[in-house]
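Structure first, then comments.
Below, chain A is the first sequence line, B the second, and so on; all start at residue 1. Model, not experiment: these values are computed from the prediction.
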2 protein chains.
Amino acid sequence: MNQGVKVKGEGDADSGDQPRSASDRVAAAIVKEIRMGRLVPGQHLLEPELTSRLGISRGSLREALKHLAADGIVTLSRFRGAYISALDRKAVYDLLDTLEPLARLAARRAAEMNTSKQKAKELQASALRLEELQGSGKRGDYLTERRYFYDLLIEMGGNGELARVIPLSRADLFRAQVETRQSEAQRRRHAHGYRLIAAAVMDGDAKKADQLMGEHFAGTRETMDQLADEVFPAA
Amino acid sequence: MNQGVKVKGEGDADSGDQPRSASDRVAAAIVKEIRMGRLVPGQHLLEPELTSRLGISRGSLREALKHLAADGIVTLSRFRGAYISALDRKAVYDLLDTLEPLARLAARRAAEMNTSKQKAKELQASALRLEELQGSGKRGDYLTERRYFYDLLIEMGGNGELARVIPLSRADLFRAQVETRQSEAQRRRHAHGYRLIAAAVMDGDAKKADQLMGEHFAGTRETMDQLADEVFPAA
DNA sequence: TCAGATAAAATCGTCAAACATTATTGACCC
DNA sequence: GGGTCAATAATGTTTGACGATTTTATCTGA
């Protein structure tokens with residue numbers, strides 16, 4: 001059996017530099033617009049409007065929407081179209097419970113793979129930028145930098161599966177939804193957590209990086225507990 | 001800003017009973033064929049062949065392939081098409097590292113939510129079927145039952161995010177790749193692990209369910225260590 | 001005026017056909 | 001056998017079409 005099947009593994013990894021397809025570009029554009037606040041949770045995405053604005057065909061757009069729906073960023077409803085997902089309180093806690101062990105794994109692995117001090121420095125630089133951007137009012141820039149921080153952390157760990165699975169885009173959505181509703185102190189604590197984590201990674205202290213990420217999530221849960229119900233859509 | 005945006009949350013959850021789209025059916029069909037061994041890792045998926053065999057248009061097929069690529073089940077290479085992903089050794093260990101904390105979370109939550117004894121019994125029944133199917137030679141049936149076991153475990157936990165994130169289909173792919181290469185003892189241990197987990201869930205012993213799932217993964221890693229290199233594609 | 005029924009418009013899901021771009025194949029030549 | 005180049009096949013993307021369904025607008029009657 002299986003005669004003459006050409007095996008194409010994953011090690012090829014030529015997927016990094018090949019030009020992205022139209023649907024990938026569209027998906028990235030939509031996630032970016034969410035971070036920037038131009039698309040808000042609950043918003044209805046109309047195919048005619050998007051195809052004309054982004055200059056692509058319906059087919060490519062639908063591929064992108066399918067992708068985003070798989071990531072949980074948009075919700076597809078038959079014959080009613082695509083909506084930017086809105087996370088209710090339970091969905092947020094579920095997201096945090098799921099994201100936490102993955103983020104801790106990422107932090108641990110990044111600290112263990114301390115081969116590249118270059119990347120670790122970049123991580124610290126990103127953490128510093130986060131503390132600067134926090135409170136500057138540039139919400140979109142803060143969220144974009146935060147996403148970069150996580151992408152870097154995961155890349156450092158070198159676990160390709162984690163990079164595929166960890167719901168960072170969904171976390172973007174969650175952050176975009178609650179970011180403006182937090183107090184100054186809450187925002188400051190959040191940004192400061194990243195600097196502590198980056199320092200532990202730089203030190204190669206995997207156990208501490210893991211623990212700090214856990215405390216970071218504990219802080220986020222505390223913040224969520226304090227948020228008013230109006231932040232979340234009706235259950 | 002954001003004037004007049006109708007908020008559509010996720011609580012609606014009417015997505016359960018609405019008829020599946022063509023692309024969803026196709027994606028499910030392909031995953032099933034992988035479990036059944038009719039599609040093997042590394043195999044090239046040709047659009048003309050699939051559209052005619054499955055009776056759908058190219059557009060719908062491409063949506064399905066995009067979905068599967070997001071799940072890491074097929075690898076898309078520009079202008080060269082879709083291949084069933086082949087996991088090399090590192091990818092397998094990465095998958096196990098990522099999957100383990102999620103599976104433990106699922107087991108813990110399922111044990112905590114011990115409201116529905118009905119579901120717990122179903123879980124135990126599934127575990128029993130797994131021990132029967134193990135060694136029966138019905139590889140496809142075993143993998144399908146195993147997938148059902150995990151789906152049930154996750155559903156019991158009630159964490160929707162976990163259900164979206166956990167890479168079960170990728171685990172299916174991994175299992176399909178190595179299942180026939182395991183020894184009788186390895187297969188028996190694997191199947192038996194599920195029964196122990198189901199029992200802990202039934203008892204509502206979250207800590208034990210978590211720990212047992214961890215041991216289950218330790219066993220799987222041990223099995224992987226013992227497998228020959230020929231099982232995996234060239235790095 | 002307003003609630004309910006009806007018609008019209010808009011939108012989605014799917015398919016079919018077409019064209020441009022790229023990879024693969026195979027003939028040809030040395 | 002190895003290399004060059006045209007023919008072939010497959011993919012990426014677009015456009016147009018049609019039925020199904022939802023949403024919006026209009027009309028009616030109380």
Take the C1' atoms of the five end pairs on each side of the helix from dT1(C)-dA30(D) to dC30(C)-dG1(D), derive the two axes, and give their angle rounded to 10 degrees.
-> 0°
Taking side-chain contact (heavy atoms from CB on, under 4.5 Å) as the test, write out the residues that go with Ala64(A), two or more places apart.
-> Ser23(A), Val26(A), Ala27(A)
Sequence neighbours left out, what pairs pass ring pair (Phe, Tyr, Trp, His ring centres under 6.0 Å) with at least one residue falling in residues 46-66 of chain A?
-> none
Between the protein and nucleotides 6-10 of chain C, list the N/O to N/O atom pairs that are separated by less than 3.5 angstrom.
none

Would you please name every residue forming a side-chain contact (heavy atoms from CB on, under 4.5 Å) with Thr144(A), sequence neighbours left out?
-> Arg35(A), Met36(A)
Quick one: which of Ile73(A), Ile84(A), Val31(A) gives a side-chain contact (heavy atoms from CB on, under 4.5 Å) with Leu39(A)?
-> Ile84(A)
Atom-pair distance (CG on Leu65(A); P on dT11(C)), nearest Å | 15 Å
Output every pair passing salt bridge (Lys or Arg N to Asp or Glu O under 4.0 Å) with a member in residues 148-160 of chain B, not counting sequence neighbours, ordered by first then second residue.
-> Lys119(B)-Glu155(B), Arg147(B)-Asp151(B)
Taking only residues two or more places apart in sequence, or in another chain, which ones meet Asp97(B) in a side chain to side chain donor-acceptor pair (under 3.5 Å)?
-> Arg109(A), Arg221(B)
Partners meeting salt bridge (Lys or Arg N to Asp or Glu O under 4.0 Å) with Lys90(B) (sequence neighbours left out) = Asp94(B)
For Glu47(B), all residues meeting side chain to side chain donor-acceptor pair (under 3.5 Å), sequence neighbours excluded | Arg58(B), Arg62(B)
Just by protein heavy atoms under 4.0 Å, how would nucleotides 4-13 of chain D read 5' to 3' in B, S and -?
-> ------SBBB
Return the set of residues passing side chain to side chain donor-acceptor pair (under 3.5 Å) with Arg187(B) (not counting sequence neighbours), or none when no residue passes.
-> none
Quick one: salt bridge (Lys or Arg N to Asp or Glu O under 4.0 Å) partners of Asp225(A), sequence neighbours excluded?
-> none
